[in-house]
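Please read all numbers here as calculations on a predicted model, not as lab measurements.
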Amino acid sequence: MESRRRDMELLSNSMAAYAHIRANPESFGLYFVLGVCFGLVLTLCLLVLRLSCRPSPRPPARPGDLSEDEDDDEDEDEEDTVDRAASESLLPVTEIPLESHGPGDGALAVNVFASAEELERAQRLEERERIIREIW
């Protein structure tokens, strides 16, 4: 008996809502647009929050390091294809000789990359970004 009463209440409430919408289509349109806009703003806020609270990337493990998980092996397989594409076309590196700068111009000889490994990593990153831009 209770379930039948709930069904009748639901039916009468639905009919009342339909009658109200038929009588006031402008207010229904306004509430609908406000709901969509609120949903979009909420989605945007959550997206910004997710991007801003992203944990910092962990440094890559050394080849001799035994702390790698088995889950990382799956990620490495995906990265291998991009790494192969990056290694085929390494970006050229320009070196500026020290003689071209005078003693008073304030130019310092700075090695941007501390090691060849960091240079290679930066080149692979640039290649990945280029590939992603081409895909988009």
Side-chain angles (χ1 to χ4, degrees):
M1 186 76 150
E2 183 69 27
S3 65
R4 184 175 172 159
R5 182 174 178 220
R6 274 192 236 145
D7 290 342
M8 293 303 286
E9 285 179 10
L10 178 64
L11 181 63
S12 65
N13 286 341
S14 299
M15 289 174 57
Y18 179 74
H20 180 73
I21 290 170
R22 289 279 288 178
N24 303 311
E26 296 87 11
S27 66
F28 172 72
L30 178 65
Y31 288 131
F32 179 77
V33 169
L34 283 174
V36 169
C37 290
F38 178 74
L40 290 173
V41 168
L42 182 65
T43 303
L44 180 65
C45 290
L46 291 175
L47 182 65
V48 168
L49 184 67
R50 178 178 175 224
L51 292 176
S52 64
C53 293
R54 180 184 300 171
S56 60
R58 61 183 176 156
R62 303 276 182 205
D65 196 8
L66 298 176
S67 65
E68 291 186 48
D69 296 337
E70 291 180 13
D71 295 337
D72 292 341
D73 293 336
E74 294 173 5
D75 295 336
E76 289 175 4
D77 292 339
E78 293 173 3
E79 291 180 3
D80 285 344
T81 57
V82 177
D83 291 343
R84 272 188 250 121
S87 65
E88 290 175 359
S89 62
L90 292 177
L91 300 174
V93 178
T94 308
E95 294 183 10
I96 302 173
L98 291 175
E99 294 84 34
S100 65
H101 299 292
D105 62 356
L108 298 175
V110 177
N111 187 3
V112 178
F113 300 105
S115 67
E117 183 178 301
E118 289 180 7
L119 174 64
E120 183 180 340
R121 198 174 310 138
Q123 289 173 340
R124 280 188 276 155
L125 180 64
E126 289 177 4
E127 184 66 20
R128 285 182 191 148
E129 290 175 355
R130 185 189 63 78
I131 291 171
I132 290 172
R133 274 187 262 125
E134 286 178 4
I135 290 172
W136 281 104

Only residue of Glu117, Glu118, Gln123 satisfying side chain to side chain donor-acceptor pair (under 3.5 Å) with Arg121 is Glu117

In one Ile/Leu/Val/Met/Phe/Trp/Tyr side-chain cluster, 4.5 Å: Leu40, Val48
no

Mind checking what makes side-chain hydrogen bond (donor to acceptor under 3.5 Å, both in side chains) contact with Glu2, not counting sequence neighbours?
none

Residue pairs, two or more places apart or on separate chains, that pass side chain to side chain donor-acceptor pair (under 3.5 Å) and touch residues 22-31:
His20-Asn24

Please list, chain by chain and in numerical order, all residues satisfying side chain to side chain contact (heavy atoms under 4.5 Å, CB included) with Val41, sequence neighbours excluded.
Cys45

Please step through side chain to side chain contact (heavy atoms under 4.5 Å, CB included) for the pair Leu47 and Thr43, ending with a clear verdict.
CA-CA 6 Å; Leu47 182 65; Thr43 303; 5.5 Å; no

Besides Met15, the hydrophobic cluster formed by Ile, Leu, Val, Met, Phe, Trp and Tyr side chains linked at under 4.5 Å, directly or via other members, contains Leu11

Identify, with sequence neighbours excluded, every residue that meets side chain to side chain contact (heavy atoms under 4.5 Å, CB included) alongside Glu129.
Leu125, Arg133

How long is the span from the CZ atom in Arg130 to the CD1 atom in Ile135, to the nearest 0.5 Å?
10.0 Å

Rounded to the nearest 0.5 Å, how far does CZ of Arg4 lie from CE of Met8?
7.0 Å

Would you mind listing the cluster partners of Ile132? Hydrophobic ones only (ILVMFWY), side-chain contacts under 4.5 Å, chaining allowed.
Trp136

